Amino acid sequence: MIADVTPIERLDWDSVGQRLYHVPFTLDGAWARLRVPLSITCAPRPGKTIVAIGGTHGDEYEGPVGLKNLINMLDPATLTAGRLIVIPTLNVPAFQSAQRASPLDGGNMNRAFPGRADGTITSRIARFVTDEVLTRADVVIDIHAAGAGMEIARCASFHEVADPAQARAMTETALLFGMPFVMVYSSGFGAGLLTEQAEALGKITIGGEFGYGASADLQGVRWAHEGVLNVMRHFGLLSSPLVNLVPPTIDRQRVVVATDIDRYITAPFRGISEPLVPLGAFVTRGTPVTRLHDFDRIDEPGAIIRADSDGYVLMRRFRAATEQGDMIMVIGQERSA
Ligand SMILES: [Zn+2]
């Protein structure tokens, strides 16, 4: 069944059962309408609304695949309370072209929030999400996968927020995905993040990095799909018991903090970066973590980048070719869950 093209004002957010829509957005410069996929599933009883979004960046696939599986495999009759809203591919033009940002207007959806009703297409989609989707949510999950250039330790993540109750609820929810790390990270990347918009609205907001390198990672797809099911169980949408998604290869999940963007390590010159420690490893201050090679200078052994503190290696440059200023390493400190 191909989803109905249904304008925003005619979407049915409340009737019991599942509806699959394509929400139309008229293109800025052509006789065509972009169709953003949206699934709404409502239980007979009121309860929490969980929103799950993939494809905020168009070259990250665990979210889209995991959430499509979620929609396809969910029996709406099993929903006992509340509502599930799923957008598997938010930035449709970016997704269609396998790029981080939209080829139509250059829009990075994760810098477009809250969006503008009179903006270009990326901004207008963001505005729709802000006004119609986030306002209805109790829990917002935005699934990422590090993009094509870097690899991030598999983690569910959230920003540091002022309200301790909100932070506690976000830690608890993030752990349900069973991923090796829960990362509390910097909000210093500039304005316009989807998760920051949701956090500002007081929602329990979870991001995360479920894979890397523009692949559809086996474990990452499972975390995306089954992790959202666990969140649904936790918040009473499903009555089935929680499933333990922690891989048997790790001893425990770790909550790590990397909130100071001034400590994120960037490349001092253009070169080829060589990792010297595995991603996710614990290192002590002074440990060599990356060697940056200048191939115009084969007489030099390369610059050694050292850990500036004890902690876990949370991010590494994945694509070896590195520009000056590219992020090459982030080290985070564990804190108790
Ligand atoms: Zn992303």
Side-chain angles (χ1 to χ4, degrees), residues 1-56 58 63-64 66-96 102 104-105 107 109-110 112-143 194 197-198 201-203 205 228 232 235 237-238:
M1 181 188 72
I2 293 174
D4 291 329
V5 177
T6 305
I8 293 168
E9 57 277 8
R10 292 219 309 273
L11 297 170
D12 178 355
W13 299 96
D14 301 306
S15 299
V16 176
Q18 186 182 58
R19 290 162 293 287
L20 302 178
Y21 295 117
H22 277 165
V23 184
F25 293 84
T26 303
L27 294 191
D28 297 316
W31 280 53
R33 307 194 89 190
L34 192 73
R35 297 158 65 128
V36 175
L38 171 75
S39 151
I40 302 170
T41 313
C42 300
R45 289 196 295 121
K48 301 289 188 191
T49 293
I50 294 174
V51 169
I53 296 174
T56 301
L67 294 181
K68 181 173 179 295
N69 288 345
L70 173 70
I71 297 169
N72 295 155
M73 295 179 196
L74 182 71
D75 176 358
T78 60
L79 221 66
T80 51
R83 172 168 55 186
L84 174 70
I85 300 172
V86 178
I87 304 175
T89 56
L90 178 58
N91 196 342
V92 171
F95 184 76
Q96 287 171 340
S102 172
L104 298 180
D105 59 4
M109 187 64 79
N110 212 26
F113 279 81
R116 293 169 54 114
D118 62 352
T120 61
I121 188 94
T122 305
S123 186
R124 283 187 280 125
I125 296 169
R127 192 73 235 176
F128 160 71
V129 172
T130 299
D131 291 346
E132 302 291 336
V133 180
L134 299 185
T135 52
R136 290 181 161 89
D138 297 289
V139 180
V140 176
I141 302 160
D142 183 30
I143 297 176
L194 187 158
Q197 183 67 31
L201 295 167
K203 312 300 182 183
T205 306
V228 175
M232 293 169 70
F235 287 96
L237 277 70
L238 296 171

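Just so you know, these numbers come straight off a predicted model, no measurement behind them. The basis for the numbers below is simple: all heavy atoms, side chains too, and nothing from hydrogens, waters or symmetry mates.
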Inset, instruction - Answer yes or no: is there a side-chain heavy-atom contact under 4.5 Å between Asp4 and Arg19? - result: no
Legend entry - Whether Phe128 and Phe25 hold their rings parallel, tilted or perpendicular, with breakpoints at 30° and 60°: perpendicular
Legend entry - side chain to side chain contact (heavy atoms under 4.5 Å, CB included) partner of Pro114, the single match among Leu194, Leu201, Thr130: Thr130
Legend entry - Side-chain donor/acceptor of Tyr21 to backbone N/O of Ile8, under 3.5 Å: no
Legend entry - Close side-chain approach of Leu74 to Leu84, heavy-atom, < 4.5 Å: yes
Inset, instruction - Taking atom NZ of Lys203 as the centre, report whether more than 12 heavy atoms of other residues, nucleotides or ligands fall under 6.0 Å from it. - result: yes
Legend entry - Check ion pair Arg124-Asp28 (N to O, under 4.0 angstrom): yes
Inset, instruction - Test Val139 against Phe235 for side-chain contact (heavy atoms from CB on, under 4.5 Å), laying out the working first. - result: CA-CA 9 Å; Val139 180; Phe235 287 96; 3.8 Å; yes
Legend entry - Ion pair check, Asp118 and Arg127, cut-off under 4.0 Å: no
Legend entry - Over all atoms of both residues, closest heavy-atom pair of Pro44 and Val16: CA-CG2, 3.7 Å
Legend entry - Short side-chain to backbone donor-acceptor contact, Ser123 and Arg116, under 3.5 Å: yes
Legend entry - Euclidean distance, Leu67 CG relative to Ile143 CD1, rounded to 0.5 Å: 4.5 Å
Legend entry - Test item: Arg35 side-chain N/O and Val5 main-chain N/O as donor-acceptor pair under 3.5 Å: no
Legend entry - Min side-chain heavy-atom separation Leu79-Leu238 under 4.5 Å: yes
Inset, instruction - Kindly say whether Gly17 contributes a backbone atom to a donor-acceptor pair with the side chain of Thr41 at under 3.5 angstrom? - result: no
Legend entry - Those residues that, when tested against Thr120, pass side chain to side chain donor-acceptor pair (under 3.5 Å) (two or more places apart): Asp105
Inset, instruction - Taking all non-hydrogen atoms of both residues into account, name the closest pair between Glu132 and Arg136 and its distance. - result: O-NH1, 2.7 Å
Legend entry - Side-chain touch Leu134/Gln197, heavy atoms, less than 4.5 angstrom: yes
Legend entry - Heavy-atom pair with the smallest gap, counting every atom of Ala94 and Ser102: CB-N, 3.8 Å
Inset, instruction - Decide yes or no on side-chain contact (heavy atoms from CB on, under 4.5 Å) for Asn110 and Asp142, but give the supporting numbers first. - result: CA-CA 10 Å; Asn110 212 26; Asp142 183 30; 4.1 Å; yes
Legend entry - Verdict with reasoning, Phe113 to Thr56, per side-chain contact (heavy atoms from CB on, under 4.5 Å): CA-CA 11 Å; Phe113 279 81; Thr56 301; 5.5 Å; no
Legend entry - side-chain contact (heavy atoms from CB on, under 4.5 Å) evaluation trace for Gln18 with Ile71: CA-CA 9 Å; Gln18 186 182 58; Ile71 297 169; 3.7 Å; yes
Legend entry - Closest approach of Gly115 to Ala126 (non-hydrogen atoms, all atoms of both residues): CA-CB, 3.9 Å
Inset, instruction - Hey, could you give me the CE/NZ distance between Met73 and Lys68, rounded to the nearest 0.5 Å? - result: 8.5 Å
Inset, instruction - Look up atom NZ in Lys48 and atom CG in Leu237, then write down how far apart they are to the nearest 0.5 Å. - result: 10.5 Å
Inset, instruction - Give, for atom CD1 of Ile87 and atom CD1 of Ile53, the distance between the pair rounded to the nearest 0.5 Å. - result: 4.5 Å
Inset, instruction - Please examine the side chains of Leu104 and Thr122, heavy atoms only from C-beta on, and report whether any two atoms are closer than 4.5 Å. - result: no
Legend entry - Spacing of Met232 atom CE and Ile141 atom CD1 [to the nearest 0.5 Å]: 9.5 Å
Inset, instruction - Taking all non-hydrogen atoms of both residues into account, name the closest pair between Ala81 and Pro46 and its distance. - result: CB-O, 3.7 Å
Legend entry - Side chains of Pro37 and Thr89 in contact at under 4.5 Å (non-hydrogen atoms): yes
Legend entry - Considering all heavy atoms, the nearest Ser15-Cys42 contact: O-CB, 3.1 Å
Legend entry - Min side-chain heavy-atom separation Leu90-Ile125 under 4.5 Å: yes
